[in-house]
Amino acid sequence: MKYLVTDPEEALGPGLRADLLDTWVAATNAGGAVGYTAPAPVEQIAENLDGALGRVAAGLDLLGVLHNGERYVGMGMLVSRGSRLQEHWRTVLRVMVHPECQGTGAGRILMEGLRGSAVDLGLEQLQLTIRGGLGLEKFYGPLGYRVVGAHPRAVRVSPDDYRDEIMLVLDL
């Protein structure tokens with residue numbers, strides 16, 4: 001498994017898009033907290049992915065991907081808020097690994113790669129949010145992230161299932 005940073009031109013490539021769309025849909029359908037709930041709304045995910053890849057192609061955000069030697073099987077982004085006052089940190093967004101690769105250390109490789117990319121960019125801090133109730137703090141904690149706050153009931157998974165959105169920060 002190898003971590004790569006995509007260049008802006010590669011972000012527009014059809015092979016990358018197809019693999020990442022497949023990963024996002026598979027992660028959603030497997031119950032992953034990646035912005036949607038199963039069954040995956042493929043058209044909405046495709047639209048969201050296209051917007052994200054457009055920001056990468058424009059040089060606004062960084063896209064880190066995992067490649068298993070055959071295809072792209074994971075992704076994560078370092079997203080800029082576009083403010084000079086906040087250019088010392090980025091939001092980590094759209095972190096996911098294809099379900100077929102989960103449990104293999106792929107998520108750790110992806111997160112360590114994103115951390116390295118952040119250091120290369122001269123950033124001082126990374127921030128991410130997770131959906132409460134899934135125990136994801138246990139994954140991010142050993143990577144150095146600490147919980148700094150929570151937005152109660154910020155995520156409505158279904159009409160009677162609300163989850164907190166938990167904010168974590170990593171100092172670089």
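In this chain, numbering begins with 1 at the start of the sequence shown.
- Remark: side-chain polar atoms of N29 are paired, donor with acceptor, to backbone N or O of A40 under 3.5 angstrom.
- Take A18 and apply the side chain to side chain contact (heavy atoms under 4.5 Å, CB included) test, not counting sequence neighbours, and it matches no residue.
- Between the W24 side chain and the R94 main chain, no donor and acceptor come within less than 3.5 Å of each other.
- Listed here is the closest heavy atom pair of L110 and M96: CD2-O, 3.7 Å.
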Candidate pair L168 and I130, rule side-chain contact (heavy atoms from CB on, under 4.5 Å), full reasoning: CA-CA 8 Å; L168 296 97; I130 57 174; 3.5 Å; yes

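- Taking Ile, Leu, Val, Met, Phe, Trp and Tyr as hydrophobic and joining them when side-chain heavy atoms fall under 4.5 Å apart, one finds V157 in a cluster with V155.
- In plain terms, the two heavy atoms of R131 and G35 that are nearest each other are NH2-N, 4.1 Å.
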Full working for side-chain contact (heavy atoms from CB on, under 4.5 Å) between L128 and M111: CA-CA 11 Å; L128 62 83; M111 292 306 297; 4.0 Å; yes

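- Pairs passing the salt bridge (charged side-chain N to carboxylate O under 4.0 Å, His left out) check and including a residue from residues 5-32, sequence neighbours excluded, read R17-D50, D19-R71, D22-R71.
- For the pair D164 (side chain) and I166 (backbone), a donor-acceptor distance under 3.5 Å is absent.
- Taken together through direct or relayed side-chain contacts under 4.5 Å among Ile, Leu, Val, Met, Phe, Trp and Tyr, V79 and L121 form parts of separate hydrophobic clusters.
- When side chains are defined from C-beta on, S80 does not count as touching Q86, because their heavy atoms never get closer than 4.5 Å.
- The CG atom of L63 lies 6.0 Å from the CG atom of L16; values are rounded to the nearest 0.5 Å.
- Evaluation of the side chain to side chain contact (heavy atoms under 4.5 Å, CB included) rule for V42 yields V25 as partners, not counting sequence neighbours.
- Annotation for A57 and P8: closest pair O-CB, 3.4 Å, computed over non-hydrogen atoms.
- Residues V147 and V95 share a single hydrophobic cluster, defined by chaining ILVMFWY side chains whose heavy atoms lie under 4.5 Å apart.
- With contacts defined as side-chain heavy-atom distances shorter than 4.5 Å, the pair R163/R153 does not qualify.
- Legend: residues meeting side chain to side chain contact (heavy atoms under 4.5 Å, CB included) with A106, ordered by chain and number and at least two apart, are M1, L66, V97, C101, T104.
- Sorted by first then second residue, the salt bridge (charged side-chain N to carboxylate O under 4.0 Å, His left out) pairs that include residues 29-44, not counting sequence neighbours, number zero.
- For the pair L123 and E87, the tightest heavy-atom approach, listed with the atom from each and the gap, is CD2-O, 3.5 Å.
- Side-chain heavy-atom separations under 4.5 angstrom define the hydrophobic clusters, and the remaining members of the one that includes M167 are V148, V169.
- Using a 4.5 Å heavy-atom cutoff, the side chains of V56 and M77 are in contact.
- Follow the hydrophobic side-chain contacts under 4.5 Å out from V5 and you never reach Y72; the two are in separate clusters.
- Atom CG in L114 sits 4.0 Å away from atom OH in Y3 (nearest 0.5 Å).
- Under the side-chain hydrogen bond (donor to acceptor under 3.5 Å, both in side chains) criterion, E47 pairs with no residue at all, not counting sequence neighbours.
- Every residue two or more places apart in sequence or in another chain was checked for a side-chain hydrogen bond (donor to acceptor under 3.5 Å, both in side chains) with T37, and none qualifies.
- In this structure, T91 and L78 have side chains that are not in contact, with every pair of non-hydrogen atoms separated by 4.5 Å or more.
- Annotation: ring-ring contact (aromatic ring centres under 6.0 Å, His included) contacts of H88 (sequence neighbours excluded): none.
- For R81, the CZ atom is loosely surrounded, since the number of other residues' heavy atoms within 6.0 Å does not exceed 12.
- Taking every heavy atom of both residues into account, G74 and L20 meet most closely at O-CD2, 3.9 Å.
- Here the side chains of W89 and E124 are not in contact, with every heavy-atom distance at 4.5 Å or above.
- For the pair S117 and L62, the minimum side-chain heavy-atom distance is below 4.5 Å.
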Derivation of the side-chain contact (heavy atoms from CB on, under 4.5 Å) call for L170 and Q125: CA-CA 6 Å; L170 171 69; Q125 204 174 61; over 6 Å; no

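- The side chain to side chain contact (heavy atoms under 4.5 Å, CB included) test applied to H151 returns A154, E165, not counting sequence neighbours.
- Not counting sequence neighbours, the partners of Y140 by the ring-ring contact (aromatic ring centres under 6.0 Å, His included) test are Y145.
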Derivation of the side-chain contact (heavy atoms from CB on, under 4.5 Å) call for T6 and L4: CA-CA 6 Å; T6 59; L4 306 165; 5.9 Å; no

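- I45 is connected to V65 through a chain of hydrophobic side-chain contacts under 4.5 Å among Ile, Leu, Val, Met, Phe, Trp and Tyr, so both are in one cluster.
- No single ILVMFWY cluster, assembled from side-chain heavy atoms under 4.5 Å apart, contains both L136 and V34.
- Scanning all heavy atoms of the two residues, the minimum distance from Q44 to Y36 falls at O-OH, 3.5 Å.
- Between D161 and R156, every side-chain heavy-atom pair lies at or beyond the 4.5 Å cut-off.
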